[in-house]
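What follows is a single structure, written as structure tokens, with notes after it.
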Amino acid sequence: MIIALTYDIMHGAWLGVARFFIEELMERNVLTAAVRKEFAEKARSIKMSPGMTACPDKLKTMSNFTADQLVSWTFVYRVVLLPPLLKDKGLDFELDMWMKFVARMRILMNPMIDVEELTKARRHLRAFCLDFDKYAEEHDLAVQINVHNLWHYIDDVIRFGPPNGTRTFAFESEFGEPAAIDEEL
């Protein structure tokens, strides 16, 4: 019997929220093709830490990044490349909102999290969610369920432990894409 499902950090945060933010900036012509080309050139000079996945040389299709690439983009590339761009475009609110998400994700991706860190993560998380709601309202966007679920995510971490113990990265890497289910079963 299934009594609970945890928030899946890979699908909810990385492929949900992080990818949404990239697509939104592309749609608003902030991350234009020229900017993505410039980012790709700068990204080649960034030395990645062990365990981080380098992003592809061509950032034309950022919205098609894998979850691992979105993790690297969030923690490394976005923190270095995105702030000057958003500041130049007068998008301080978007930058502040995004940095709250990054701060929260840094805490939650640790294999061990203490109560003080969880309290800090909850504060950043809720601030991000409230900011996102305001952003969604200003830009006439439907509030994503992934963002709403982030509001409750700390409760999952308290109940089930850090996300590296519940995420599906390894499972999907090992088994690949699910096979088509035979309708006759």
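Atoms considered below: every heavy atom in the structure, side chains included; atoms not considered: hydrogens, waters and symmetry mates. Quantities reported herein were computed from a predicted structural model and do not represent experimental measurements.
- Atom-to-atom distance recorded for Leu118:CG and Tyr153:OH is 10.0 Å, nearest 0.5 angstrom.
- Taken to the nearest 0.5 Å, the NZ atom of Lys100 stands 10.5 Å off from the CG atom of Leu95.
- A salt bridge does not link Asp155 with Arg159: none of the charged nitrogens is closer than 4.0 Å to a carboxylate oxygen.
- Here Asp92 pairs with nothing under the side chain to side chain donor-acceptor pair (under 3.5 Å) rule; sequence neighbours left out.
- With contacts defined as side-chain heavy-atom distances shorter than 4.5 Å, the pair Val17/Phe132 does not qualify.
- At least one side-chain heavy atom of Leu86 sits under 4.5 Å from a side-chain heavy atom of Val30.
- In Glu138, the CD atom is crowded: over 12 heavy atoms of neighbouring residues, nucleotides or ligands sit closer than 6.0 Å.
- A distance of 8.5 Å separates CG of Asn149 from CG of Asp156, quoted to the nearest 0.5 Å.
- Note: Asp133 CG to Glu137 CD = 8.5 Å, rounded to the nearest 0.5 Å.
- Considering every non-hydrogen atom in both Asn29 and Thr32, the closest pair reads O-CG2, 3.2 Å.
- Rounding to the nearest 0.5 Å gives a distance of 8.0 Å between CG of Leu141 and CD of Glu27.
- Asp131 and Phe93 make their closest contact through O-CZ, 3.5 Å (heavy atoms, listed as atom of the first residue, atom of the second, distance).
- One finds the NE2 atom of His124 at 13.0 Å from the SG atom of Cys129 (value rounded to the nearest 0.5 Å).
- A heavy-atom distance below 4.5 Å is not found between the side chains of Leu25 and Leu85.
- In terms of heavy atoms, Met112 sits closest to Glu117 at O-OE1, 3.8 Å.
- Heavy-atom minimum distance, Ile154 versus Leu125: CG1-CD2, 3.7 Å.
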Handout entry: Verdict with reasoning, Arg28 to His139, per side chain to side chain contact (heavy atoms under 4.5 Å, CB included)
Key = CA-CA 10 Å; Arg28 291 178 57 199; His139 296 277; 3.5 Å; yes
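- When all heavy atoms of Tyr135 and Glu94 are compared, the pair lying nearest together is CE1-OE2, 3.3 Å.
- Leu81 and Phe39 get closest at one heavy-atom pair: O-CZ, 3.4 Å.
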Practice task
Given salt bridge (Lys or Arg N to Asp or Glu O under 4.0 Å), test Asp114 with Lys120 step by step and report yes or no.
Solution key: CA-CA 10 Å; Asp114 64 27; Lys120 193 185 302 181; over 6 Å; no
